[in-house]
Amino acid sequence: MGRLGLEELDLAVVLHALGDPVRLALVRRMAEGGESVCSPDGVDVPRSTLSNHWRILREAGITQTRRAGKARLMTLRRADLDARFPGLLAAVLAEDNR
């Protein structure tokens with residue numbers, strides 16, 4: 001599946017992806033630290049479950065993935081999300097800080 005264009009980002013799909021605590025934690029990590037490896041330290045879920053979470057984030061258009069050798073690095077598509085849904089990501093991340 002190719003990268004979704006800006007107009008293809010769907011609010012319901014994005015909200016669903018952000019509605020899971022593990023996925024929200026992954027998004028928070030990327031928002032704070034940039035790229036993330038596919039198995040970041042401190043995420044205590046089985047590898048297959050983590051792969052599923054990354055897939056959901058990617059298919060929702062929240063992340064993009066690049067390969068660096070054998071590693072896959074995920075990046076938050078913050079600019080695209082902010083352009084399509086202004087303030088959404090900031091609101092979701094701020095709510096998580098409460």
Side-chain angles (χ1 to χ4, degrees):
M1 176 178 201
R3 178 177 157 164
L4 293 175
L6 194 60
E7 293 301 317
E8 295 175 295
L9 294 174
D10 181 85
L11 181 59
V13 174
V14 169
L15 289 174
H16 174 272
L18 293 173
D20 180 89
V22 173
R23 291 191 293 268
L24 188 55
L26 293 171
V27 168
R28 171 162 293 293
R29 283 173 178 252
M30 288 181 288
E32 293 172 355
E35 284 185 322
S36 177
V37 295
C38 58
S39 295
D41 292 335
V43 178
D44 192 27
V45 296
R47 185 176 209 113
S48 61
T49 301
L50 188 56
S51 293
N52 186 54
H53 285 306
W54 284 121
R55 180 188 57 79
I56 290 169
L57 290 170
R58 184 184 68 251
E59 289 179 358
I62 295 171
T63 63
Q64 62 186 17
T65 305
R66 75 175 181 92
R67 287 189 170 206
K70 292 183 178 183
R72 289 185 180 193
L73 301 170
M74 278 58 77
T75 306
L76 184 61
R77 291 180 59 192
R78 177 173 242 150
D80 290 341
L81 290 166
D82 288 343
R84 179 76 167 118
F85 310 113
L88 175 67
L89 191 56
V92 167
L93 294 173
E95 180 64 27
D96 195 45
N97 276 333
R98 286 185 172 191

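Within 6.0 Å of the CZ atom in Arg72, the count of heavy atoms belonging to other residues, nucleotides or ligands does not exceed 12.
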Taking only distance into account, with no hydrogens and no angle test, what donor-acceptor pairs under 3.5 Å do side-chain atoms of residues 34-49 form with protein atoms, sequence neighbours excluded?
from	atom 1	to	atom 2	distance (Å)
Glu35	OE1	Arg66	NH2	3.1
Glu35	OE2	Arg66	NE	2.6
Glu35	OE2	Arg66	NH2	3.4

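Between Leu81 and Leu9, some side-chain heavy-atom pair lies under the 4.5 Å cut-off. Contact annotation: the side chain of Leu18 never approaches that of Arg23 to less than 4.5 Å [non-hydrogen atoms, C-beta and beyond].
The salt bridge (Lys or Arg N to Asp or Glu O under 4.0 Å) test applied to Arg55 returns Glu59, not counting sequence neighbours.
Ile56 and Leu89 are assigned to two separate hydrophobic clusters, defined by single-linkage of ILVMFWY side chains at heavy-atom distances under 4.5 Å. In the hydrophobic clustering of this structure, Phe85 does not group with Val13; members are Ile, Leu, Val, Met, Phe, Trp, Tyr whose side-chain heavy atoms approach within less than 4.5 Å, directly or through other members. Both Leu26 and Leu93 are members of a single hydrophobic cluster when ILVMFWY side chains are connected at heavy-atom separations under 4.5 Å. Val14 is connected to Val27 through a chain of hydrophobic side-chain contacts under 4.5 Å among Ile, Leu, Val, Met, Phe, Trp and Tyr, so both are in one cluster.
When each of Thr75, Ile62, Leu76 is tested with Met30 by the rule side chain to side chain contact (heavy atoms under 4.5 Å, CB included), just one qualifies, namely Leu76.
Taking both residues in full, the closest heavy atoms of Asp20 and His53 are given as OD2-CE1, 3.2 Å, listed atom of the first, atom of the second, then distance.
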